[in-house]
There are 2 protein chains.
Amino acid sequence: MAARGAVQAHTHNHKACIDDALKTARELCAARGVQLTPLREKVLQIVWKSHKPVGAYDVLDELSRSHKSARPPTVYRALDFLMGEGLIHKIESLNAYLGCVEAGAPHAGHFLICRKCGATEEIVDPKLEAALDQAAKRARFRAERQVVEISGLCAHCTG
Amino acid sequence: MAARGAVQAHTHNHKACIDDALKTARELCAARGVQLTPLREKVLQIVWKSHKPVGAYDVLDELSRSHKSARPPTVYRALDFLMGEGLIHKIESLNAYLGCVEAGAPHAGHFLICRKCGATEEIVDPKLEAALDQAAKRARFRAERQVVEISGLCAHCTG
DNA sequence: GGCGTGATGATACAACATAACAAACGCCGC
DNA sequence: GCGGCGTTTGTTATGTTGTATCATCACGCC
């Protein structure tokens, strides 16, 4: 499935990737009894346009084409909803947002962010999760949220 | 030494902790031939006033008492200098800054952030570092910077 | 003295995010 | 039908965080 696991951002079929993400989102929201309204779905689609994190005001610019009344709160509310449902992540080090490739499975998001091409890969690594849990446990710290963002150069850009 | 390793933010002698951090900073800057000017040292001292991350504009408020001419660029320039010398870290998830307890030893900063009391502990954990390196390596990603911020409740606040 | 470099002063602005209240919409019980 | 309620969206304004740009100052050096 195009949107799962280690996404090859430079080579994959991104249209299928978006379609899949939107389909998953519709199913999840239906199952949960929450409303993935046209506005929210449009925002999700905009965030998914690439595998690069997108800023809220970029979303707003794009959204404004179809939604003339869109304003910052319009966008932030939609982003908050989507984050609440686990459909997107916020990349804290960039103040930007990214589609979640594991929507539906509760998880912390861990990311590899290429500073050259901007492509950002969400990684799922049990060993890393274990190491994070252990580190918190050692300090008798009750972890609730993990922000793990590794920036550098992706395989494609070092090549 | 008060400022080293796992700081017990709730119990330790913080005055000694600040003094130690400032002393280390002066020594490091002298050794490197860079200028820890009075302005920069004052900013460092303000950041070190607690073990809670402090916002740039909070630094500015505090700095203004002694430096009437201080403006946002004044503060951001000092913070940039201090980060460049590895004397403070930026906590991305809070847009705030924190004194570095391992100044002088190049390292990624990994943090445990208590959402209740705000105390933020910098952790040094070789296993976590190894897990992060491995995760990047597996994706053939050349890591340059790591942002690792775990928020939740500290040992003191879980009771 | 004149020059180069690094640090600070000063003004303006850009980028990111939220507060607060109003209006619209669907749903449900009556 | 319609009145009340919860959810979503509209609207205006403002708060917070961070930079760009150019001027000025201090110091060492030849």
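Chain identifiers are assigned alphabetically (A, B, ...) following the order of the sequence lines, protein sequences preceding nucleic acid strands; residue numbering begins at 1 within each chain.
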Taking 4.0 angstrom as the limit, do A:Lys49 and A:Glu62 come out as a salt bridge?
yes
Residues touching DNA chain C, which here means a heavy atom under 4.0 Å, drawn from residues 32-43 of chain B:
B:Gln35, B:Thr37, B:Leu39, B:Arg40
Would the distance check show the side chain of B:Lys90 and the main-chain N or O of B:Asn95 forming a donor-acceptor pair, the cut-off being under 3.5 Å?
no
Distance, rounded to the nearest Å, where B:His67 contributes NE2 and C:dA7 contributes C1':
11 Å
Does A:Asp19 come within less than 4.0 Å of A:Lys15, counting only side-chain N to carboxylate O?
yes
Keeping A:Gln146 on the side-chain end and A:Ala108 on the backbone end, is there a donor-acceptor pair under 3.5 Å?
no
Quick one: B:Leu79 CG to D:dT19 P, roughly how many Å, whole number?
10 Å
Taking CG from B:Leu63 and P from C:dT8, how many angstroms apart are they, rounded to a whole number?
11 Å
Taking the inter-plane angle between the rings of B:His12 and B:His14 on a 0 to 90° scale, is it parallel (under 30°), tilted (30 to 60°) or perpendicular (over 60°)?
tilted
Does the ring centre of A:His89 sit less than 6.0 Å away from the ring centre of A:His110?
no
Just the table, please: protein N/O against nucleotides 23-25 of chain D N/O, every pair under 3.5 Å.
none

Would you check if A:Thr158 and B:Arg140 make a side-chain contact, meaning some heavy-atom pair closer than 4.5 Å?
no
Rounded to whole Å, the CZ-P distance (A:Phe81 to D:dT8) equals 7 Å
Calculate the interatomic distance between B:Leu82 atom CG and C:dT8 atom P; express it in whole Å.
10 Å
Polar atoms only, N or O, under 3.5 Å: list the protein pairs with nucleotides 16-18 of chain C and their distances.
residue: C:dA17; atom: OP1; partner: A:Lys90; partner atom: NZ; Å: 2.5
residue: C:dA17; atom: OP2; partner: A:Tyr76; partner atom: OH; Å: 3.0
residue: C:dA17; atom: OP2; partner: A:Tyr97; partner atom: OH; Å: 3.4
residue: C:dA17; atom: O5'; partner: A:Tyr76; partner atom: OH; Å: 3.4
residue: C:dA17; atom: N7; partner: A:Tyr57; partner atom: OH; Å: 2.6
residue: C:dA17; atom: N6; partner: A:Tyr57; partner atom: OH; Å: 3.3

Lys/Arg N to Asp/Glu carboxylate O, A:Glu92 vs A:Arg145, below 4.0 Å:
yes
B:Val43 and B:Phe81, any side-chain heavy atoms less than 4.5 Å apart:
no
Taken to the nearest whole Å, CG/B:Leu60 to C1'/D:dG15 is 15 Å
No-hydrogen, no-angle side-chain donor-acceptor test under 3.5 Å, A:Ser151 and B:Glu144
no
If only atom types and distance count, is the side chain of A:Arg32 paired as donor or acceptor with the main-chain N or O of A:Glu85 below 3.5 Å?
yes
Whole angstroms only, please: what is the CZ-P distance between B:Arg71 and C:dC13?
16 Å
